[in-house]
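Sequence lines set the chain letters: A, B, ... in the order given, protein chains first and strands last, and positions in each chain run from 1.
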Number of protein chains: 2
Amino acid sequence: MVKVNLTKRQKEIIDTALNLTAKGGIQNLTIRNLAENLGITEPAIYRHFKNKSEIVKTMIKNFEVAGNQKIASVSNEGITGVEKFVKSRFSLVAANPPLAKVLFSEELFMDEPEYSELLISMMHKHKNSLKVMLLKAQEDGDIRNDIEFDMLFRLIMGPVRLLIKQWGLSNAAFNLIEKGDLLWESLKKTLKS
Amino acid sequence: MVKVNLTKRQKEIIDTALNLTAKGGIQNLTIRNLAENLGITEPAIYRHFKNKSEIVKTMIKNFEVAGNQKIASVSNEGITGVEKFVKSRFSLVAANPPLAKVLFSEELFMDEPEYSELLISMMHKHKNSLKVMLLKAQEDGDIRNDIEFDMLFRLIMGPVRLLIKQWGLSNAAFNLIEKGDLLWESLKKTLKS
DNA sequence: TTATAGTTAGTTAACGGTAACTAACTTGAG
DNA sequence: CTCAAGTTAGTTACCGTTAACTAACTATAA
């Protein structure tokens, strides 16, 4: 199990780790680079984390929390819940830009099965909470009924992920929140029943 | 510039490179692993490529060609062109499954700016050829007019990319072509004017 | 109040392993 | 005989990690 309550130093370390990963991939996330960027020596890192794996896993777990985001817990709010969820993705990333380059990058962590599993389980958690809301939205008549959930999920999260990726690749060259709102408007238009 | 005409051995090398990258990320793409999988020694690799960078760049350039795919050249076919393009993405990947784990994974190659630039330029090429077709499709009245191109691009390619990613993460657990056809049907439904 | 013991967070030096790459030699086919 | 394609044996640089030690702070018992 990975710690949830982090010391100030631990937070600094995983924050630096996220920045290094965002800048140059996991290849760039080395203990040496970490220490250098923190202004301490490599062994000092091990006073705060057992090993590199714990650092990476803690970093991944904190993707969620990075922007002090609380994931709507089993909300059954229908389409407003979907909207909240989608928009929370944008504000999460906007508040912590390096996230744009790693949040939806499952491939970055595929060298260690432990990492991929963590990410995939997070993806499934999201999918499940969206499922409840989307089915409710279909019931409410807010979302068309002629497309099944799995496909609906792709139609929504695909563009969301792509927009965030484009924002990351462009180095935050546009206003993500604005474009995100616009995307949501387009999604509502195309998916309403 | 990277070579286009490859010897049999060079093709073997980049094919192996793709498989290694698909299996464990760029961390897994090492000269040692390459040589081992090819049944030769490491220095022998350098008889066929100047250095590792050339191998990776050649591999990326060949993403397009992997399935003997010819990218529709400045087609102005409207919606049928869009359909052809989208479906060609699925058949490209289905014909060469490891592609699913690297084709849309710009982050995998962000350690070397040269690599990212290559990938981004490919993405732009796609976007531009889609632009011609989509504008024509809007003119023809096949696609709704109340969404501008950039957003339309996201609404289409987002789900396409996500489906391919899911197929890769699931280790080809479902029929990509069938699900791809279904996705296209859903896209047509939601985007028709 | 102050000596003792323990903790925290850092240091320097070194370990074994692996990365990409190279020089120099060998082999086999045309 | 030549030369493309392989080999063996090395290089330098970096990886994660550990050992041994220390300065500075904190808690406790006499």
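- Computed from coordinates, the A:Glu42 CD to C:dA14 C1' distance equals 12 Å when rounded to whole Å.
- For the atom pair B:Ile156 CD1 and B:Leu134 CG, the distance stands at 4.5 Å (nearest 0.5 Å).
- Distances were taken from every side-chain heavy atom of A:Lys52 (C-beta onward) to each of D:dT18, C:dA24, D:dT17; the shortest belongs to D:dT17.
- The interatomic distance linking B:Ile55 (CD1) with C:dA20 (C1') rounds to 10 Å, in whole Å.
- In terms of phosphate contacts, B:His48 brings no side-chain nitrogen or oxygen within less than 4.0 Å of OP1 or OP2 of D:dA4.
- Put simply, B:Arg9 has a side-chain N or O that comes within less than 4.0 Å of OP1 or OP2 on D:dG6.
- For the side-chain hydrogen bond (donor to acceptor under 3.5 Å, both in side chains) criterion with B:Asn33, the lone passing option out of B:Thr16, B:Asn28, B:Thr21 is B:Asn28.
- Backbone-only contact: B:Leu29 has heavy atoms under 4.0 Å from sugar-phosphate atoms and none from a base.
- B:Lys189 NZ: more than 12 foreign heavy atoms inside a 6.0 Å radius.
- Among the atoms of the strands shown, base atoms are found under 4.0 Å from some heavy atom of A:Thr41.
- The side chain of A:Arg32 contributes an N or O atom lying less than 4.0 Å from OP1 or OP2 of D:dC15.
- At the heavy-atom level, B:Leu38 lies nowhere under 4.0 Å from the strands shown.
- When every heavy atom of A:Met157 is checked against every heavy atom of A:Leu130, the shortest pair comes out as CG-CD1, 3.9 Å.
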